[in-house]
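Report on the following structure.
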Amino acid sequence: MYSIEEKVKELIQLIDLEEKAQQEQYKLDQTHTLKTLKAEGLALHPIQVQRKTFGFADYPEVQFSLGFPAEQHFFRDNAPIECFLMGEEPVKGVLLEFNGKTGIVRLHAPDFPDWIEDNGVGIKLSPDTRTTTIMKNSLRGVLKNKFLSSLFEKIYSGESWQLSYQPNTREISLSDRFNQSQQEAIIAMNSDLPVTIVHGPPGTGKTTTLIEGIKQLIRRGEKVLVSAPSNTAANHIARGLLQAGIKIARVGNVTKVSEDLFPHTPEGYMNDPKIQKEIKDLQIRAAAFRKMALTYKRQFGKAEREQRNLLFKEVRQIRDEIKKIQHYYEEKMMDQASAVIGTPIGIVDAELFKHQFNTLVIDEAGQCLEPLAWTLFGMAEKYVLAGDPFQLPPTVISQDAAAKGFQSSILERFMKVIDPVFLLNVQYRMRPTIAGFSSDYFYEGKLQSAPHLEKDSNSLVFIDTAGSGFQENAGENGSSLQNEGELQLVQKLLNEMESNQAVTFITPYSGQTLAASQVLPKTIRVSTIDSFQGQEQETIIISLVRSNEEGIIGFLNDYRRMNVAMTRAKQKLIVIGDSATIGSDPFYKKFMEYVEKEGVYKSVWEYDLF
């Protein structure tokens, strides 16, 4: 039995391990060459600068593109980065957006470095000391807060936390479009439960359910804080709340939002002409000082360097003035909103701690590191945690920290002790044959398919490449594994399909996405599994890539990632793999047995490729 102090200390030690692992892994030196960093998905090189602008708070922003698709697993929203060129001092910044081929970074500098458009410029991940510091401080804060200490003790006591409540149905009116499990979750969200867990497997309408629950909370006079671990997820739920007629404020870094959402961000709110004039006058002054500073080029003496530093100091002071103005109007915006939405770090940046919310909703809580959630818990009286612990987990670099539980999300932590958990048990996305394996393996057979979805064995196909010679190989440019033979098969399959059939090709390996983008028709979307989470397509083709004599499957053993991949298809799922390589793994063995029983099991030898 842990004391609270001991457990907090242990979690802080795990954060230290993660911080150390980041420092070691992201370092560009003799041990970690650029090729190594690229191969491990930790560097993007070379980049092509498409556009340079001065963005929010007058920070320089770079829009860039790559000549090849890169792995997105670690390049998440708000990831700390360094922009580098060999022989030059790197510039720190933050990744605002990245979709595999294009992105935007914000630089923490008074201006763009002189070399930003030279050949050989790259971006690499940088240790996220700011986030780790925030997480440590949030855990220390738990010890100083009676309510949070009590909550912390309950989820680490090792005892089941049985919650009882009286469903409040009198004040809630729900339409027939919500099934029974969705209605139960919405009613629970609006009860006096201190914590409501909404478990939403793929295709079960989790976001729709949350939006209706939040709408009902606001109708009853509550102010709601909504968070999600990524900007993409935060944008998604913000858009849904806006469409539901809720007055929202979307905080944090928002670079690509729909036209209807933008006015509800601080950037959009401050598009008011009076506010813009106030900020524009300061920006003009900053630009003048910046221009004077840039008259001093790369080679200059001590006196010139001092003068340049003084001019950039003026730029920083003006930038601070701009921040104060923006903060004033942000506070005004927060007061007017019924729901405030942002990532945990975005909410910290917005300094919302002085505001009190009735309910905190964390969407995609299965991807939220536990210490990040503790930064938010003190801001509300009750909580709703929604997500699926059987999809992609939080990203953790340190294998030691992950092995000791640091990769466990806040959703997993609470689900271990809390009863009841409100499972959304009807999926509306996939043919029942596609959904059946995930239901059996991950959801104890409890995931049903909506009545209108017809069962069809042809909707699920596994094509076995064993004995074909379709071997995996390392890709070019330091990228990850490829399998050219599997791509030949994909081309054959596409030729046999109708031209108007909506198809997406997904794979766990960025090297395979690179190779696929070069040989598959441009009408076919090519994506890694990570970047396709939360999306769907009529037909999905999955290339597993791994094919070797040793039976090594690498991170194919992350079954949660494969659950994501296998639940994206609506009408047809085709999985291509080598049974001789993956067949000894219990997960893939069960999958192939399921296909033989419920779907269509084929050999690559049935196709005219040899």
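Gln48 contributes atom CD, which lies 4.5 Å from atom OG of Ser65 (distance to the nearest 0.5 angstrom).
Taking 4.5 Å as the limit, some side-chain heavy atom of Ile410 sits within range of a side-chain heavy atom of Phe377. Side-chain contact between Phe414 and Leu151 is present, with at least one heavy-atom pair separated by less than 4.5 Å. Between Phe422 and Ile187, every side-chain heavy-atom pair lies at or beyond the 4.5 Å cut-off. Side-chain contact between Ile434 and Thr567 is absent, with no heavy-atom pair separated by less than 4.5 Å. Considering only heavy atoms from C-beta on, Pro202 comes within 4.5 Å of Arg568 through its side chain. Leu372 has its side chain out of reach of Pro229: every pair of non-hydrogen atoms, C-beta onward, lies at least 4.5 Å apart. By the 4.5 Å heavy-atom criterion applied to side chains, His199 and Lys446 are not counted as neighbours.
No donor-acceptor pair closer than 3.5 Å links the side chain of Glu212 to the backbone N or O of Ala244. In this structure, Arg220 contributes its side chain and Asn190 its backbone to a donor-acceptor pair below 3.5 Å.
Counting heavy atoms of neighbouring residues, nucleotides and ligands inside a 6.0 Å radius, atom CD of Gln336 exceeds 12 of them.
Side-chain N/O atoms of Arg560 and Asn563 include no donor and acceptor closer than 3.5 Å. Using modelled atom types and a 3.5 Å distance limit, the side chains of Thr528 and Asp530 yield no donor-acceptor pair.
Phe357 and His355 have tilted rings, their planes meeting at an angle from 30° to 60° on a 0 to 90° scale.
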